[in-house]
Amino acid sequence: MSFIHIRPDWQLPEKLATTEAAFLNRRKFLKNLAGVGLGMAATSCAGRSLKAQGNEEFSNTLGEPLSNFTVNPAFTDVGRPVTEQMFASRYNNFYEFGLTKNIWESAQKLPSDPWKLEVSGLVNKPTTYDLDDLYAKFPLEERIYRFRCVEAWAMVVPWLGFPMRQLLEDVEPTSDAKYVRFESFYDEKITPGPSFSFSNLPWPYHEGLRIEEMANDLAFFAVGIYGRTMPKQHGAPIRMVVPWKYGFKGGKSIVKIEFLAEQPTTYWNTISPNEYKFEANVEPDVSHPRWSQKRERLVGSGEPWDWVKQDTLLYNGYGEYVADLYA
Ligand SMILES: Nc1nc2c(c(=O)[nH]1)N[C@H]1C(S)=C(S)[C@@H](COP(=O)(O)O)O[C@H]1N2
Ligand SMILES: [Mo]
């Protein structure tokens, strides 16, 4: 019995190296896993391909239709086809629900309605929004964005939501506010993370941006995807989308936003500072310590072991929007 048993059967062994969870696979952790009951998870997905899993149970996770939105014409064509939802919504990273990509079912435990989003810290108007407030205050638009995970897979998804800048305008950060901390939902009874405790993970998941990054045109809060409210596996009811950065910067199921004078810690940077930087922009020429970032595999573009590979673009192709931030 080893950690390797919990990977989905279609994930090639060498792919195990290119994952944010790979620190778990290191020798020093393996001995802690010995004797822990991990075998069960393996058999439940053995022999099934992603395609074969299309079923009603999955469709029921896909949220309620949204109609009251505009399509932002600046973000309709990213030069690549939109990833089929069939793939995008069943290939997720949400470590609160486990280490594999196959968490769409277990994520249904997330209590996403009612919801409170608390905004505090260095702002003139600290505010707590419930879902009705969010929908009433911030008109929804659809934006098709490229998405690039640090693990070297990519997709293209149509988000529904509103620019982070609109929330900035609503809460009025003070001139002392330089950074923003975003905290995800966490309840150890519901979102315990990996089902064995080998180390104290820094829950809740938390991320951070410079305030100028949050004010950038691209920075987005998504409350939906593919024309519907956000499925739990994607971070219902509201998650961050910062498409020029690696996917882990986009915290899911945000409950708290805090404006700060100093740079906050972040979840992955705390676990492995050398591998996951605070800035974490998509930069193909800057290798991850354990793999190259020059290329990416396109989710759903064939069988999972045979996904199309393509070049990764600097800032994920969004240089015209963000390069100034890093000049
Ligand atoms: N709370 C929380 N947010 C998270 C994560 C997570 O594990 N927990 N994973 C991140 C990573 S590594 C990626 S690639 C994206 C995946 O988003 P998706 O599953 O909606 O595609 O969510 C990010 N946000
Ligand atoms: Mo990721």
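Counting convention: from 1, in listed order, for ligands and their atoms alike. Sequential numbering from 1 along the given sequence is applied to the chain's residues.
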Do the side chains of E118 and K256 get close enough for a salt bridge, i.e. N-O under 4.0 angstrom?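 So E118 does not pair with K256 through a salt bridge.
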Can you see whether [X] engages [Y] through a side-chain donor-acceptor pair at a distance of less than 3.5 angstrom?
{"X": "W203", "Y": "Y95", "result": "no"}
{"X": "R148", "Y": "Q293", "result": "yes"}
{"X": "T61", "Y": "Q233", "result": "yes"}

Taking 4.0 Å as the limit for heavy-atom contacts, which would you say applies to [X] with ligand 1: side chain only, backbone only, both, or neither?
{"X": "R239", "answer": "side chain"}
{"X": "F147", "answer": "side chain"}
{"X": "Y205", "answer": "side chain"}

Kindly indicate whether a cation-pi arrangement holds for R143 with W159, taking the cut-offs as under 6.0 Å to the six-membered ring centre and within 45° of the axis.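 Judged by the rule (NZ or CZ under 6.0 Å from the ring centre, within 45° of its axis), R143 is not positioned above W159.
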Any N or O of W159 that comes nearer than 3.5 Å to an N or O of ligand 1?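 No; the residue has no nitrogen or oxygen that sits under 3.5 Å from a nitrogen or oxygen of the ligand.
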Should W153 be counted as touching ligand 1, given the test is an N or O pair under 3.5 Å?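 No, there is no polar N/O contact under 3.5 Å.
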Parallel, tilted or perpendicular, judged at 30° and 60°: which one describes the rings of F75 and Y145?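 F75 and Y145: perpendicular rings.
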For S253, is the nearest heavy atom under 4.0 Å from an atom of ligand 1?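 So S253 does not count as touching ligand 1.
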I'd like to check which ligand 1 atoms, numbered from 1 as shown, lie under 4.0 Å from a non-hydrogen atom of [X].
{"X": "S184", "result": "1 (N)"}
{"X": "G250", "result": "4 (C), 22 (O), 23 (C), 24 (N)"}
{"X": "M155", "result": "21 (O)"}
{"X": "N92", "result": "18 (P), 19 (O), 20 (O)"}
{"X": "C149", "result": "14 (S)"}

Just go through E96, R90, K252 and tell me whose heavy atom is the nearest to atom 8 (N) of ligand 1.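 It is E96 whose heavy atom sits nearest to atom 8 (N) of ligand 1.
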I'd like to know whether CG of N68 has more than 12 heavy-atom contacts from other residues, nucleotides or ligands below 6.0 angstrom.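 Incorrect, the count does not exceed 12.
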Mind running side chain to side chain donor-acceptor pair (under 3.5 Å) on N281 and E283 for me, showing each step along the way? CA-CA 6 Å; N281 292 327; E283 291 179 276; 5.0 Å; no
